[in-house]
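This report concerns only the one structure given below.
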2 protein chains.
Amino acid sequence: MTTTSPQGRTELLRPDGSPVRVLVVDDELSITELLSMALRYEGWQIRSAGDGQGAVQTAREFRPDAVVLDMMLPDMDGLAVLGRLRRDLPDVPVLFLTAKDAVEDRIAGLTAGGDDYVTKPFSLEEVVARLRGLIRRSGAADRRSDSVLVVGDLTLDEDSHEVSRAGENIHLTATEFELLRFLMRNPRRVLSKAQILDRVWSYDFGGQANVVELYISYLRRKIDAGREPMIHTRRGAGYLIKPAAS
Amino acid sequence: MTTTSPQGRTELLRPDGSPVRVLVVDDELSITELLSMALRYEGWQIRSAGDGQGAVQTAREFRPDAVVLDMMLPDMDGLAVLGRLRRDLPDVPVLFLTAKDAVEDRIAGLTAGGDDYVTKPFSLEEVVARLRGLIRRSGAADRRSDSVLVVGDLTLDEDSHEVSRAGENIHLTATEFELLRFLMRNPRRVLSKAQILDRVWSYDFGGQANVVELYISYLRRKIDAGREPMIHTRRGAGYLIKPAAS
DNA sequence: CGGATATCTGTGATTTTCCTGAGAAACGCA
DNA sequence: TGCGTTTCTCAGGAAAATCACAGATATCCG
């Protein structure tokens, strides 16, 4: 089931209308805090745990619809935690967090059951998008919710990564795609450059803040080129996207 | 009976509309976990057992539509388990798991009755495909005909392993075939290299992740050669297949 | 109008990702 | 056993994406 909030954001809800529940497991407090904040903002109910022991315990009682699980925990191996979790909650989908340079070997099989993973450092958009996908596919949320965002004559398909305006296909790079997704998930809403940077770029991004301007510029070339513009600048505040008509 | 989920995946269902039930029997926990995960993701209902004793007991009560049975169990010989299973469930199809170097002729006799087998280490695509075939043929799920995947002018027959594009026959090696099958079972959906690796290569594959790139390259030469391409790269995300038209 | 500030965008260096040829090793089969 | 096929590693090179920098342009406000 999905509902649309007054701000125009669509939220995933469970079939009974209650909020989706997500358990976040990571030993670094800064990460759990970051994730908890971002995921709460999605309208989800969040609990967190700092080790495998706590994860299993919390899961048993909290009964989450999805779990975000760091593979590197102080007390247990991530796979061991997974096993225990699955004993109580056989169908819960898991999003694994793995270190980028952690030799690519131990990733084997992680996505096999419909689970997914992201590498640290991640961007929040990435985590949220993957989680939404997992929850959508697990059936914890109404299955009818589909993977296509629509704003005016602009559409973005989160499964096929296809973007089109007025029926015409548009190729975007990975970063452009994530930026547009963030804008489209918050239509008619001004998003500051800081918000965009925090959401779309990975949390350890240390570059110039004007990458946002740069990528907005790229997007405009591809999406607004020669058409009624949909991406608007609010000087001193940020950017927003809205249907061309209004 | 089959239904199509919102993601475009077709699921096998029993004639009465309930999910197909599969019993997994293996003494290695990692194997039963891996299989349970993957098979559950197919929309099936899974139970597992770690020995022959448990298998027979669970089968009696669970009444599965198919069984995945390791030939090498701690307490009983696989054949003994089979015998007992058949006493309760005379028609249930069985997929045997055998070690690579196991005596082949013993198995050959068994598969004559419509059963099938795969050797360890297997790939999940292989197991899922064989199991689908067994269930389809056993009549536990109706619709015994349709073993052909079609995407645009490309067709792949899961029974005969025949592949053709625009009517022209194409020879694929075993790995190429499984990769293409996985792509075609998820048309218009971006599949990451990790997902492909987890699904198409055997669970103990420890090699370079760029085999996926290599085999995509092979497939393109055979399928897209001189034609409108159907296999597309989404840089930084993965690959997808879709009809040439769109 | 003119300066201050904010935003836009062209250029190109760097990095990342992908593709593919060559050949080694394993396999299947006669 | 020997030969053709298949699988896979390795590495070079091509292509694409990301981003810093800086000058151009737009907007605001006195």
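Order of the sequence lines fixes the chain letters, A, B, ..., with proteins taken first and strands second; residue numbering starts at 1 for each chain.
- Across B:Thr155, B:Asp153, B:Asn169, a single residue satisfies side chain to side chain donor-acceptor pair (under 3.5 Å) together with B:Ser164, and that is B:Thr155.
- For the pair B:Leu214 CG and C:dG23 P, the interatomic distance rounds to 16 Å; values are reported in whole Å.
- Salt-bridge formation is not detected for the pair B:Glu33/A:Arg86: no Lys NZ or Arg NE/NH1/NH2 atom is positioned less than 4.0 Å from an Asp or Glu carboxylate oxygen.
- No hydrogens or angles were tested; on distance alone, a donor-acceptor pair under 3.5 Å links the side chain of B:Tyr218 to the base of D:dC8.
- Computed from coordinates, the B:Leu240 CG to C:dC18 P distance equals 14 Å when rounded to whole Å.
- Residue A:Ser217 has a polar side-chain atom (N or O) positioned under 4.0 Å from OP1 or OP2 of C:dT9.
- Atom CG in A:Leu219 sits about 17 Å away from atom P in C:dT7, given to the nearest Å.
- Using a 4.0 Å cut-off between charged side-chain N and carboxylate O, A:Arg227 and A:Glu168 make a salt bridge.
- A salt bridge links B:Lys242 to A:Glu162: one of the charged nitrogens lies within less than 4.0 Å of a carboxylate oxygen.
- In this structure the side chain of B:Leu95 never reaches within 4.5 angstrom of the side chain of B:Val67, judged on heavy atoms.
- Rounded to a whole Å, the CD1 atom of B:Ile231 is 11 Å from the P atom of C:dT20.
- Looking at A:Arg185 and A:Glu42, a side-chain N of the basic residue comes within less than 4.0 Å of a carboxylate O on the acidic one, giving a salt bridge.
- Nearest nucleotide to the side chain of A:Trp201, out of D:dC8, D:dA20, D:dC19: D:dC19.
- Distance CG (A:Leu172) to C1' (D:dA17): 13 Å, rounded to an integer number of Å.
- In this structure, of C:dT7, C:dT20, C:dC18, it is C:dT20 that holds the atom nearest to the side chain of B:Asn210.
- Ion pair B:Arg137/B:Asp159 flagged as a salt bridge, since at least one NZ, NE, NH1 or NH2 atom sits closer than 4.0 Å to an Asp/Glu carboxylate oxygen.
- Rounded to an integer number of Å, the gap from CZ of B:Arg221 to P of D:dT7 is 14 Å.
- Among the atoms of the strands shown, none is found under 4.0 Å from any heavy atom of A:Ile216.
- With respect to A:Arg130 and A:Glu158, no salt bridge is recorded, no charged nitrogen being found less than 4.0 Å from a carboxylate O.
- An OP1 or OP2 oxygen of C:dC18 is reached within less than 4.0 angstrom by a side-chain nitrogen or oxygen of B:Lys193.
- Between A:Lys193 and A:Asp198, no side-chain nitrogen of the basic residue sits less than 4.0 Å from a carboxylate oxygen of the acidic one, so the salt-bridge criterion is not met.
- Nearest to the side chain of B:Phe205, among C:dC18, D:dT18, D:dC8, sits D:dC8.
- Side chain of A:Tyr215, nearest nucleotide from D:dT18, C:dC19, D:dA17: D:dT18.
- Each of B:Glu213 and A:Val211 lies near DNA chain D, and the nucleotide nearest B:Glu213 is the one positioned closer to the 5' end.
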- Query: For every nucleotide of nucleotides 23-30 of chain D, 5' to 3': is a protein heavy atom under 4.0 Å from its base (B), only from its sugar-phosphate (S), or from neither (-)?
  - Reply: ---BBS--
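- A distance below 6.0 Å separates the ring centres of B:Tyr215 and B:Trp201.
- A:Arg234 has its CZ atom 19 Å from the C1' atom of C:dT5, to the nearest Å.
- Spacing between atom CD of B:Glu176 and atom P of C:dT20 amounts to 14 Å, rounded to whole angstrom units.
- Within the structure, every side-chain polar atom (N or O) of B:His232 is placed at least 4.0 Å from both OP1 and OP2 of C:dC18.
- With D:dT7, D:dA20, C:dC19 as the candidates, the nucleotide lying closest to the side chain of B:Arg220 is C:dC19.
- With D:dT18, D:dA17, C:dT7 as the candidates, the nucleotide lying closest to the side chain of A:Thr233 is C:dT7.
- Salt-bridge annotation for B:Asp26 and B:Lys120: present, with a side-chain N of the basic residue lying under 4.0 Å from a carboxylate O of the acidic one.
- Residue B:Gln208 has its side chain nearest to D:dT9 when only D:dT9, D:dT18, D:dT7 are considered.
- For the helix from C:dC1-D:dG30 to C:dA30-D:dT1, the rotation axes defined at the first and last 5 base pairs enclose an angle of 30°, given to the nearest 10°.
- Among the atoms of the strands shown, none is found under 4.0 Å from any heavy atom of A:Phe177.
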